[in-house]
Amino acid sequence: MYHLVITELVVPIAVALLVTVVKSRLYAGILSVLASITSLIISSILYVNVVYSGPQRIELLSNWLVIPGIKPVSISFIIDPLSTLVGILLCSLSTIILIYSIGYLSDDYYDSRRYWFLMLIFITSMLIVVYADNFILLFIGWEGVSICSYLLIGYYYGDEKEHWIGGPPSKAPLHPPSYCSFRTLITVGSADSVMLVGILTLVVLTGSPYYEDLESIKSLVSSGLPVWSVLTPLILFLTGPLAKSAQFPLHMWLPYAMAGPTPVSALLHSATMVKAGVYLIIRLLPELVGISEGVSEVSIIFTLLAVAGVLSMIDGAVNAGRAIELKKVLAYSTISQIGYMFLILGIAGLTETITNGIAASLYHMMSHAVFKSALFLIAGILIHLSGTIYLTGMEFPLKNRNNLILFLITLISCLNLLGIPPLIGFWSKEFIIEIIHFKELYIPLSIVIITTFLTAFYATRMIILIFLGHKTPYKLHDTHGVSKLMLYPVISLITTMVYVGVIGYWFRHSLIDVLRIVGEEVEYISTNPLITWLTISVTVLGVILALIRYELMVIHLISSTNITNLISYVVNYLIHIVLRLSTPLRRGVTLLMHTVGGGIAREIREVFNLLEYTLMYVVGGGIVKNVRDVFNQLENTLDTTMRYVGMVVFRYLSILFKMINYADMDSFLTLYLLTLTMILTYVLIMYNLHLLITG
């Protein structure tokens, strides 16, 4: 296992150095994909070994950093079910997105070798974060991830107008990639600095940089150390995960990170890097719960996690409902969905349901990584084809067969986001909701239900604005063709969503068994049908209100011939498939008549002819012929029922979103909190120096 870990970490670095001298774009991409596949295979082997042999600690270099009074630091990694599962998730998504990148960058005029180099270094840095067993090694990988993120957001360093975000022109300011990457660096870098102060203080207090020794803080407090001197570095440490995972109030860097290439947004700023904070809290949750058992004041950490998650859920969902840039909608949606994970981790710490909390947050982290990566990759295709980043400027009429495929894959991904059964997004979100309900925490449960409604609203709004209605031509760059290498990765992700969704309930129990904390009694929480129907009903309500809000666009589609042609095409295509299948069946019946003979075979053939006639003339003619009448009736229903029953709610929501649209409180709160944090950090450093000097 020692050699496997070294190989998994070294191969991406070696290939990253190799691609810098490879002139061919295609070969550089292929080498990068092969490096990612190698890491994926090794992660899978490590997981199998852990399941059969148990967790292991792999030491690559002992005592590489020796500080007087501190336990010697080794380059060592913890290989257990949690780290290997996240490693598999990271490497599998990296492989899929790197394949997509080959097609995405095929006509890019920038030198893509820098892109491949940074993506591979990011994979290695993220693996270090996942496998590290001490704070020092963790922070090295943590900063490697941040640097790669900064450089990849600013990949288009020439600041060409076509890569600017913001706007639309004449309505809101536009921002170049260099500005966006710098803003990201300031926010995340400041939080990382505060996190480093917390890490160093914890290391000095415990005398050890290892996670497992963190619980020794309890004995320090029992021996007379003030509680605030323990609580303060823990809160400072918490700043890093909150900022890295874009949680309130350190979340406003993520929408600006959308200035980078779309595959970067899919891998770093949706699936992996923004989950680093969630993973770190998951990793340290047993230790933090152990500390809170001896020092009850430490439980405020879990309250802060839950509050940050709740505020992020609401803030992200509301902002997603008013954004008009496609990638920004997905960015705000990511903020909201990660809020679920922080909420359940905070609740798990407060209620000491460690295994269930870890399993629920990890399950949602994995499912969100899959469907949000798919949505970002689809966004890259839509932007390539339309030449615009704005929802209101995209036009993909459904009468086109290729647009129909885009609509279907977007719809399936959004259904995962909405949490519609039996897709994977339903099971992961339902797991979180069931734990909250089981613990009878009705205020968080109400907020989750509200967020579910808002999620359904903005997801439906996004689909309507992309595929329906009149458009405003805000185009920043020319349209591009789409390679099949950009479509196949999306299809593979959607296949994964559907497959894991089918086994989603059993997969949840498997996660609980694999991640079980030693010595903890795990309660298997059963599905509550009432809660399930409540969440589904609220989701349907959000979809209906979005349809009411954009009623004119829906009616415009219904009144056109596009939908009629679309359904005619679908019905005729299905009939065509049946008739294609009828050829071998007809030959089989004919063979049966010639070989066996008799009345049974003749009756089978007559039944088959009748079925074929029904499909061809009754279904193919009657339904398609009456489609327009059905939709005319539906239009009348919309004009009467929806117009008078739903418009009051619609107007209220419009006023609410308009009021929020004019408020810029996010930037103010972010700046305010950073200022307070820096002042607190300075005071803490001065006080600790005073303690050291005075003895």
Side-chain angles (χ1 to χ4, degrees), residues 306 309-322 329 332-344 347 360 363-364 367-368 371-372 375 411-464 497 501 504-505 525-551 554 641-642 645-657 660:
V310 164
L311 294 177
S312 299
M313 287 163 52
I314 297 294
D315 183 82
V318 170
N319 279 291
R322 67 184 179 91
V329 172
Y332 284 119
S333 172
T334 298
I335 294 171
S336 179
Q337 292 298 309
I338 295 177
Y340 282 90
M341 306 170 207
F342 272 83
L343 172 61
I344 193 60
I347 290 174
Y363 196 179
H364 197 55
S367 70
H368 177 261
F371 68 72
K372 192 54 68 67
L375 282 170
L411 179 63
I412 295 173
S413 301
C414 284
L415 290 177
N416 275 275
L417 175 60
L418 267 61
I420 299 298
L423 300 173
I424 183 175
F426 165 77
W427 296 112
S428 62
K429 185 186 291 185
E430 199 68 15
F431 193 7
I432 293 174
I433 294 175
E434 286 169 5
I435 293 175
I436 298 173
H437 177 260
F438 181 76
K439 293 298 178 181
E440 299 182 353
L441 302 171
Y442 296 113
I443 294 178
L445 180 63
S446 302
I447 296 173
V448 169
I449 297 298
I450 293 172
T451 307
T452 301
F453 163 77
L454 293 174
T455 302
F457 182 89
Y458 73 69
T460 308
R461 167 185 179 266
M462 182 181 72
I463 292 178
I464 291 173
M497 297 177 206
Y505 185 79
I525 301 173
S526 58
T527 303
N528 189 317
L530 179 62
I531 297 300
T532 300
W533 281 110
L534 175 62
T535 54
I536 293 176
S537 301
V538 169
T539 300
V540 173
L541 178 62
V543 172
I544 292 174
L545 288 179
L547 292 173
I548 295 172
R549 168 64 179 84
Y550 299 96
E551 179 187 359
V554 177
T641 307
M642 288 188 176
V645 174
M647 288 306 288
V648 175
V649 181
F650 148 61
R651 286 171 183 165
Y652 174 76
L653 289 174
S654 298
I655 294 171
L656 175 64
F657 286 130
I660 296 172

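Throughout, numbering of the chain's residues begins at 1 and tracks the sequence. In this text, all values refer to a predicted model and were calculated from it rather than measured experimentally.
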Non-hydrogen side-chain atoms of Leu534 and Leu530 separated by less than 4.5 Å:
no
Reported CD1-to-CZ distance for the pair Ile435 and Phe438, which is rounded to 0.5 angstrom
9.5 Å
Taking all non-hydrogen atoms of both residues, which atom of Glu430 and which atom of Ile531 are closest, and how far apart?
OE2-C, 3.9 Å
Can you confirm whether Met313 sits close enough to Ile338 that some side-chain heavy atom of one is under 4.5 Å from a side-chain heavy atom of the other?
no
So does Tyr332 get a backbone contact from the side chain of Ser336, meaning a donor-acceptor N/O pair under 3.5 Å?
no
Hey, are the side chains of Leu418 and Thr452 touching, using non-hydrogen atoms and a 4.5 Å cut-off?
no
To the nearest 0.5 Å, what is the distance between CG (Asn319) and OG (Ser312)?
11.0 Å
Shortest non-hydrogen separation from Arg461 to Gly321 and the atoms involved
NE-O, 3.2 Å
Rounded distance [0.5 Å steps], CD1 in Ile463 versus CG in Leu411:
5.0 Å
Nearest 0.5 Å please: distance from the OG atom of Ser446 over to the CD1 atom of Ile450.
6.5 Å
I'd like to know if the side chain of Asn416 and the backbone of Gly425 have a donor-acceptor N/O pair within less than 3.5 Å.
yes
When you measure from the side chain of Lys429 to the backbone N and O of Leu417, does any donor-acceptor pair fall under 3.5 Å?
yes
Judged by atom type as modelled, is there a donor-acceptor pair below 3.5 Å linking the side chain of Tyr363 to the main-chain atoms of Gly504?
yes
Please answer whether the main-chain N or O of Leu311 pairs with a side-chain N or O of Asp315 as donor and acceptor at a distance below 3.5 Å.
no
Can you tell if the side chain of Phe431 reaches within under 4.5 Å of the side chain of Ile344, non-hydrogen atoms only?
no
Under 3.5 Å donor-acceptor, Thr451 side chain and Ile447 backbone:
yes
Parallel, tilted or perpendicular: which describes the rings of His364 and His368, with under 30° parallel and over 60° perpendicular?
tilted
Can you tell if the side chain of Ile432 reaches within under 4.5 Å of the side chain of Leu343, non-hydrogen atoms only?
no
How close do Ala456 and Thr539 get, heavy atom to heavy atom, and via which atoms?
CB-O, 3.2 Å
If you round to the nearest 0.5 Å, how far is OG of Ser428 from CE of Met341?
8.0 Å
Quick one: does Phe426's side chain get under 4.5 Å of Ile420's, heavy atoms only?
no
What's the verdict on side chain to side chain contact (heavy atoms under 4.5 Å, CB included) for Leu545 and Phe453, showing C-alpha distance, side-chain angles and the deciding distance?
CA-CA 10 Å; Leu545 288 179; Phe453 163 77; 3.3 Å; yes
Side chain to side chain donor-acceptor pair (under 3.5 Å) with Lys372: which of Ser333, Ser413, Ser367?
Ser333
Do the side chains of Tyr442 and Leu445 get nearer than 4.5 Å, heavy atoms only?
yes
